**Q** 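I am attaching a structure below and will ask some questions about it afterwards.
All figures in this text were calculated on a predicted structure; none of them were measured in a lab. For this chain, numbers begin at 1 and follow the sequence in order.
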Amino acid sequence: MTLNATPAVQRELRIAARALARHGLAHAYGHCSVRLDEGHFLVCASRPMGLIGPGEPGTVVPVTGALPAGVLGEVRLHQQIYQRRAHVHAVTRTMPPLLMALGTARRTPRTRHGMGAYFGAGAALWDDPQLVRDDERAAAVIDAMGSANAIVMRGNGVLVASDSLAKAVVLTWYLEDAARIELAVLAAGLEDESVVLDAAERDRRATDAGGIFERMWEYLTAGDPEINFQEAQP
């Protein structure tokens, strides 16, 4: 039996994809996905995320095995995360410009402000600018990611994983904002004076209470053509 994603899951994935593009986190390249069950996930349509239209379906992909026809090669990164991390339910693969700039210097943002706290001591780094289009390389990237929820790929964007699609999108925005702070600190010559949050500060600040993620999701998805769409009753 072929697994199908529900209309609600398809719609949420389209909204997420367009939000990433709308806020400059992806351009012609990038993709996002959401887990359907332990053996399958749904990846967005293989085209620029900002151009994915209302009703345009994503593709169901097996967590292990060959990619379906037409699915982008780097979706293997999603496969490797879903294989290794049962708690991960969503992945974003994006090209945020400030993180790309830092990555060229083999740097990831240090935890200097509240939104950076959600990445613990910091995102991981993959020190290779080549595209990831085979299983061996994809597995190596996720090995390098370790227990982190994000990895900056030098000259090749960012991968973020989380337990929900909304959180994965929000965390992608948070990491780019951390890069903005990092570059501002460096440009001002304040690297030595700028305070980096310690572990206790990070743990206390990285809360999901009070609608933290919900408010940012609402901000990032505002104006989407499907955001107020109501599923038809059977």
Side-chain angles (χ1 to χ4, degrees), residues 3 13 16-17 20 25-26 29-44 46 49 58-68 70-96 99-100 102-111 116-176 178-179 202 206:
L3 180 70
L13 188 63
L20 292 166
L25 301 171
Y29 312 117
H31 26 88
C32 57
S33 69
V34 61
R35 187 191 288 271
L36 299 175
D37 61 21
E38 65 180 13
H40 303 84
F41 62 94
L42 181 72
V43 69
C44 66
S46 300
M49 289 194 286
T59 302
V60 175
V61 179
V63 169
T64 59
L67 297 178
V71 171
L72 299 170
E74 287 204 342
V75 173
R76 290 179 176 85
L77 289 162
H78 302 238
Q79 283 185 313
Q80 291 294 326
I81 291 179
Y82 292 129
Q83 285 177 26
R84 296 156 185 253
R85 300 189 186 185
H87 67 282
V88 168
H89 284 266
V91 176
T92 64
R93 171 78 176 93
T94 59
M95 301 287 179
L99 286 162
M100 293 275 282
L102 273 180
T104 65
R106 298 187 172 94
R107 298 183 71 140
T108 66
R110 302 191 70 187
T111 309
Y118 293 88
F119 302 93
L125 176 69
W126 174 248
D127 191 10
D128 187 337
Q130 302 304 317
L131 294 171
V132 181
R133 292 179 172 174
D134 61 75
D135 291 333
E136 183 178 2
R137 188 178 292 269
V141 173
I142 306 311
D143 284 344
M145 191 175 181
S147 61
N149 57 0
I151 185 164
V152 175
M153 303 164 71
R154 177 169 63 88
N156 192 28
V158 177
L159 198 72
V160 173
S162 190
D163 60 1
S164 78
L165 184 56
K167 281 187 180 181
V169 171
V170 170
L171 287 171
T172 303
W173 192 93
Y174 281 179
L175 191 58
E176 177 72 343
R202 294 194 304 264

**Q** Once rounded to the nearest 0.5 Å, what's the spacing between atom CG of Leu77 and atom CG of Leu72?
**A** 11.5 Å
**Q** Going by the side chain to side chain donor-acceptor pair (under 3.5 Å) test, which pairs reach into residues 138-158, not counting sequence neighbours?
**A** Glu74-Asn156, Arg84-Asp143, Arg93-Asn156, Asp127-Arg154
**Q** Considering non-hydrogen atoms only, spot the tightest contact between Leu67 and Gly73 and give its length.
**A** CD1-O, 3.9 Å
**Q** According to side-chain contact (heavy atoms from CB on, under 4.5 Å), who are the partners of Gln83, at least two apart in sequence or on a separate chain?
**A** Val63, Thr64, Gln79, Gln80
**Q** Quick one: list whatever passes side chain to side chain donor-acceptor pair (under 3.5 Å) with Tyr82, sequence neighbours left out.
**A** Ser33
**Q** Restricting to non-hydrogen atoms, name the atom on Leu42 and the atom on Gly58 that form the minimum distance, rounded to 0.1 Å.
**A** CD1-C, 3.6 Å
**Q** Among residues at least two apart in sequence or on other chains, which ones pass side-chain contact (heavy atoms from CB on, under 4.5 Å) with Ala144?
**A** Trp126, Ile151
**Q** Measuring from Leu3:CG to His40:NE2, what's the distance to the nearest 0.5 Å?
**A** 5.5 Å
**Q** Let me have the donor-acceptor pairs involving side chains of residues 160-172, under 3.5 Å, with sequence neighbours excluded, atom names and distances please.
**A**
residue	atom	partner	partner atom	Å
Ser164	OG	Lys167	N	3.1
Thr172	OG1	Thr92	OG1	2.7
Thr172	OG1	Ala168	O	2.8

**Q** Using modelled atom types and a 3.5 Å cut-off, is there a donor and acceptor pairing between side-chain atoms of Thr108 and backbone atoms of Leu125?
**A** no
**Q** Looking at Ile81, Val132, Thr94, which one forms a side-chain contact (heavy atoms from CB on, under 4.5 Å) with Leu159?
**A** Ile81
**Q** Can you list everything that forms a side-chain contact (heavy atoms from CB on, under 4.5 Å) with Ala178? Sequence neighbours excluded, please.
**A** Pro109, His113
**Q** Calculate, to the nearest 0.5 Å, the distance between atoms CZ and NE2 belonging to Arg35 and His87 respectively.
**A** 9.5 Å
**Q** Working to the nearest 0.5 angstrom, can you tell me the gap between Arg137 CZ and Gln130 CD?
**A** 6.5 Å
**Q** So, using side-chain contact (heavy atoms from CB on, under 4.5 Å) as the criterion, who are the partners of Arg202 when residues are at least two apart?
**A** Thr111, Ala117, Ala121, Leu197, Ala199
**Q** Under the rule for salt bridge (charged side-chain N to carboxylate O under 4.0 Å, His left out), what residues qualify as partners of Arg85, not counting sequence neighbours?
**A** none
**Q** Just how far is it from atom CZ of Arg133 to atom CZ of Arg76, taken to the nearest 0.5 Å?
**A** 9.5 Å
**Q** Walk me through it: do Phe41 and Val75 pass the test side chain to side chain contact (heavy atoms under 4.5 Å, CB included)?
**A** CA-CA 11 Å; Phe41 62 94; Val75 173; 3.7 Å; yes
**Q** Could you state the interatomic distance from CD (Glu176) to CE (Met100), rounded to the nearest 0.5 Å?
**A** 10.0 Å
**Q** What pairs meet the side chain to side chain donor-acceptor pair (under 3.5 Å) rule with one or both residues in residues 116-125, with sequence neighbours excluded?
**A** Tyr118-Arg205
